[in-house]
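Here the structure is laid out as structure tokens; the discussion comes afterwards.
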Amino acid sequence: MSAALRAGWRRLGAAALRGRAGRPLSQGQAAAGDSGGAEGGGGGSGSREAVERLVREHPVVVFMKGSPAQPLCGFSNAVVQILRLHGVEDYRAHDVLQDPDLRQGIKNYSNWPTIPQVYLNGEFVGGCDILLQMHQNGDLVEELKKLGIRSALLDAEKDQEKK
């Protein structure tokens, strides 16, 4: 793992997995600011076809509790922080708390019981734990590159090399 990725992970560990006030995120601490991702409940339909459309509507799609501007669980907040750390601001976020049909529909679609769920290029990646693991081992940088998204951590690495 490169020095920039390690530095990014340290920042993530300090900022994203604890709230701004130092409380664990599972206590509902929301991140400040907006990631620029869209939010919405998906029109109230949890049908396989409706979920399929949502998953394929954008290269990066997140089904979460709350919005990127105000995640309502620590795991959703961690996903938002990981994406933010990589500079991914253009993604679609769907608040499953606004639509019980969508909440169940996405679980059925992925055969994955928990939220958040992350999709890259229409493919289910996993939840917070998988995204965190991909961040830690550098796989997320590579997956983003396949989508034409340059991770901000690569720029941070170049900045470190200049010093």
Side-chain angles (χ1 to χ4, degrees), residues 8 11-136 139-141 143-144 146-153:
R11 283 193 306 272
L12 177 68
L17 298 180
R18 285 193 329 273
R20 302 267 187 242
R23 294 190 309 252
L25 293 176
S26 61
Q27 294 178 1
Q29 181 73 14
D34 189 351
S35 74
E39 54 188 290
S45 179
S47 72
R48 184 161 190 81
E49 295 78 22
V51 171
E52 178 89 20
R53 276 192 306 275
L54 293 175
V55 164
R56 299 202 180 278
E57 77 180 350
H58 198 271
V60 181
V61 179
V62 179
F63 294 88
M64 61 184 292
K65 294 178 181 176
S67 68
Q70 189 172 11
L72 296 177
C73 82
F75 298 113
S76 292
N77 191 24
V79 165
V80 168
Q81 294 300 327
I82 291 167
L83 292 174
R84 188 174 291 149
L85 185 64
H86 284 268
V88 180
E89 295 183 2
D90 182 20
Y91 62 95
R92 298 295 175 263
H94 300 280
D95 182 357
V96 299
L97 297 179
Q98 297 297 314
D99 187 345
D101 291 336
L102 178 61
R103 185 177 187 172
Q104 188 57 50
I106 194 62
K107 290 177 183 182
N108 293 344
Y109 180 82
S110 64
N111 197 26
W112 190 263
T114 60
I115 304 292
Q117 293 187 17
V118 178
Y119 289 78
L120 299 178
N121 209 24
E123 296 293 323
F124 177 59
V125 172
C128 175
D129 54 342
I130 303 298
L131 197 67
L132 181 59
Q133 182 180 21
M134 290 174 69
H135 165 71
Q136 289 173 325
D139 288 348
L140 185 55
V141 171
E143 290 301 314
L144 291 173
K146 291 177 187 175
L147 301 176
I149 300 171
R150 180 176 171 79
S151 172
L153 291 181

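In terms of heavy-atom proximity, Ser151 sits nearest to His86 at OG-ND1, 2.7 Å. Heavy atoms only, all atoms of each residue included: Val80 and Pro71 are closest at CG2-CG, 4.3 Å. Smallest separation of non-hydrogen atoms from Ser110 and Gln117: OG-OE1, 2.9 Å. Nearest approach of Lys146 to Glu143, heavy atoms of both residues: NZ-OE2, 3.0 Å. A pairwise comparison of heavy atoms in Pro59 and Leu147 identifies O-CD1, 3.9 Å as the closest pair. Nearest heavy-atom pair across Val55 and Gly122 is CG1-O, 3.4 Å.
Between Leu140 and Val125, every side-chain heavy-atom pair lies at or beyond the 4.5 Å cut-off. Between Leu85 and Leu153, the closest side-chain pair of non-hydrogen atoms falls below 4.5 Å. Using a 4.5 Å heavy-atom threshold, the side chains of Phe63 and Leu54 count as touching. In this structure, Met64 and Asn77 have side chains that are not in contact, with every pair of non-hydrogen atoms separated by 4.5 Å or more. With contacts defined as side-chain heavy-atom distances shorter than 4.5 Å, the pair Leu83/Val62 qualifies. No side-chain heavy atom of Asn108 sits under 4.5 Å from any side-chain heavy atom of Arg48. Counting heavy atoms from C-beta outward, Pro116 and Val79 have side chains that approach closer than 4.5 Å.
Rounding to the nearest 0.5 Å places OG of Ser76 at 8.0 Å from CG of Leu97. The SG atom of Cys73 sits 9.0 Å away from atom CD1 of Ile115, with the distance rounded to the nearest 0.5 Å. A distance of 10.5 Å separates CZ in Phe75 from CG in Leu132, rounded to the nearest 0.5 Å. Between the CG atom in Leu72 and the NZ atom in Lys65 there is a gap of 9.5 Å [rounded to 0.5 Å]. In this structure, the separation between CD on Glu52 and CD on Glu49 is 8.5 Å, given to the nearest 0.5 Å.
Residues Tyr109 and Phe124 keep their aromatic ring centres 6.0 Å or farther apart.
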* Taking it one step at a time, do Asp99 and His94 satisfy side-chain hydrogen bond (donor to acceptor under 3.5 Å, both in side chains)? -> CA-CA 9 Å; Asp99 187 345; His94 300 280; over 6 Å; no
* To do: Please report the C-alpha distance between Tyr91 and Glu89 in whole Å, then the side-chain angles of each, then the deciding distance to 0.1 Å, and finally whether the side-chain hydrogen bond (donor to acceptor under 3.5 Å, both in side chains) criterion is met.
  => CA-CA 6 Å; Tyr91 62 95; Glu89 295 183 2; over 6 Å; no
